[in-house]
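Each chain gets a letter, A, B and so on, in the order its sequence line appears, and its residues count up from 1. In this text, all values refer to a predicted model and were calculated from it rather than measured experimentally. Worth knowing before you read on, the calculation uses all heavy atoms, side chains too, and leaves out hydrogens, waters and symmetry mates.
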Protein chains: 2
Amino acid sequence: MTPMTPAHSSPLTDRPQLGLRERKKIKTRTAIRDATYALIKEQGYDATTIEQIAERAEVSPSTVFRYFPTKEDIVLTDEYDPMMLEELRGRPDSESWMDSVRYVMHRSMDALLAEDPEAVRIRAHLAVQIPAVRARMIESMSATGRLLRSAIAERHGLDPDSLEVRVFAMSMVGGLMEVNIAWAENDCRDDLRELVDRALQVIEHGLPAKKA
Amino acid sequence: MTPMTPAHSSPLTDRPQLGLRERKKIKTRTAIRDATYALIKEQGYDATTIEQIAERAEVSPSTVFRYFPTKEDIVLTDEYDPMMLEELRGRPDSESWMDSVRYVMHRSMDALLAEDPEAVRIRAHLAVQIPAVRARMIESMSATGRLLRSAIAERHGLDPDSLEVRVFAMSMVGGLMEVNIAWAENDCRDDLRELVDRALQVIEHGLPAKKA
DNA sequence: CATGAAATGAGAGTAGCTCTCAAAAGGTGG
DNA sequence: CCACCTTTTGAGAGCTACTCTCATTTCATG
């Protein structure tokens, strides 16, 4: 949620060893985000202005921009990516690459859904409906893709900057992105874990055999 | 360049059977685009405003927005995609899927580079440097990905809306997008065709064997 | 408590983009 | 050639995301 948060500790305001200043910052940050989610639920994304968000969060518009560079960033917090990468790198060499990915994907999905399933769903829906949000999300995923490279390269003994590794990383990202979209398009009814598994199958082995 | 253009005919203003109105529209469209490319080359993307573009193209700002929904769209004309799809669908069933893709990619790259290599390069560079342009380009590529689905499904005898086909299409798109980025990051020095071939290899067969 | 640093608020300014409405230009039938 | 209808255009007002600056307030520290 904020730098140096141990990730799985329940997020927010407590944590006494931090100074008052730091605690206030965290509070403000989550106040802004909560206000945003609430307003979006009431009025939709486009109808929600920064001014309204600021008002409900009881800060000035300037402060909103001080905490989040863009409106889209308020709803898109992919602070989990670095931690996923960490975990991916920590998997034993004996495990196959795809198994490692599957494992880490499962774990982070569980963590996200455990902490705030509502937010995960809203985010997924926004990614489908609002182009700007989708764009920003893709941006952030390709940043993740860039980080992925080094992990891939380590495992496979390849140059992380080679075209092959780059392409492999981004095609994984693209495929997994599509899972998210497909899931949201079907109103988050399916089991995300199963969808991810099927996607990884396709990425690893290509399309299943003809049926017709 | 515009609906019902036979694609390889040199693009623009001539074509007598069209009414004066249509011809003027085409002229305006290319005037706006030319102005934009020129200004970007002089001052960079961000420093170039719609007002400047309008002025140089000798139209009003309103007209600019009438022709292009966003500033990014002025530089990003992927009007080739539908024609690629067409061609892809026209390839013989006997040819392997990847061979078909390779063939069509080669052809459209040749066409683009033949018509306006400068623009292709500027576009690629913008996609690397300007997040908004990159985002818009990805958007447009995933639209292409959606179209790709039906072609893939036909060839493989699968349901175009199945997760498998969706994931496959988007992972191809992601991988090929990365080729474009990598090419631009290396200043468009490499042979695009070769890069595409290597990318398709990776998408089809996964990463090459370990080297270390 | 005083001094310095960091966070905030207020406000002005820019630019992308939308909408409306009236004027102009292209097409068509008499 | 003219009158009529449709499409395109320009002018301008308006909204909002976002940036910058500067004065004020709020926390931290000796």
So the contacted stretch of DNA chain D, first to last nucleotide with an atom under 4.0 Å from a non-hydrogen atom of chain B, runs from dT6(D) to dG12(D)
In chain order, what residues pass the side-chain contact (heavy atoms from CB on, under 4.5 Å) check against [X], with sequence neighbours excluded?
| X | result |
| --- | --- |
| Ser108(B) | Met84(B) |
| Phe65(B) | Ile50(B) |
| Val167(B) | Val179(A), Ala199(A), Val202(A), Ile203(A), Leu163(B) |

Non-neighbouring partners of [X] that pass salt bridge (charged side-chain N to carboxylate O under 4.0 Å, His left out), sequence neighbours left out:
| X | value |
| --- | --- |
| Lys24(A) | none |
| Arg198(B) | Glu164(A), Glu194(B) |
| Asp73(A) | Arg136(A) |

Report which part of the nucleic acid Tyr67(A) touches: base, sugar-phosphate, or nothing (heavy-atom distance under 4.0 Å, all strands).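 Sugar-phosphate contact only.
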Please enumerate all residues that pass side chain to side chain donor-acceptor pair (under 3.5 Å) together with [X], with sequence neighbours excluded.
| X | value |
| --- | --- |
| Thr144(A) | Asp81(A) |
| Arg193(A) | His106(A), Asp110(A) |
| Arg56(B) | Glu42(B) |

For every nucleotide of nucleotides 9-17 of chain C, 5' to 3': is a protein heavy atom under 4.0 Å from its base (B), only from its sugar-phosphate (S), or from neither (-)? BBB----SB
Base contacts versus sugar-phosphate-only contacts with protein, heavy atoms under 4.0 Å: please encode nucleotides 22-30 of chain C as B, S and - from 5' to 3'. ---BBS---
Which is it for Arg134(B) and Ser142(A) under the side chain to side chain donor-acceptor pair (under 3.5 Å) test, yes or no, and what are the steps along the way? CA-CA 11 Å; Arg134(B) 179 172 51 243; Ser142(A) 39; 5.4 Å; no
What's the CD1-C1' distance between Ile32(A) and dT8(C), to the nearest Å?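 It is 11 Å, rounded to the nearest whole Å.
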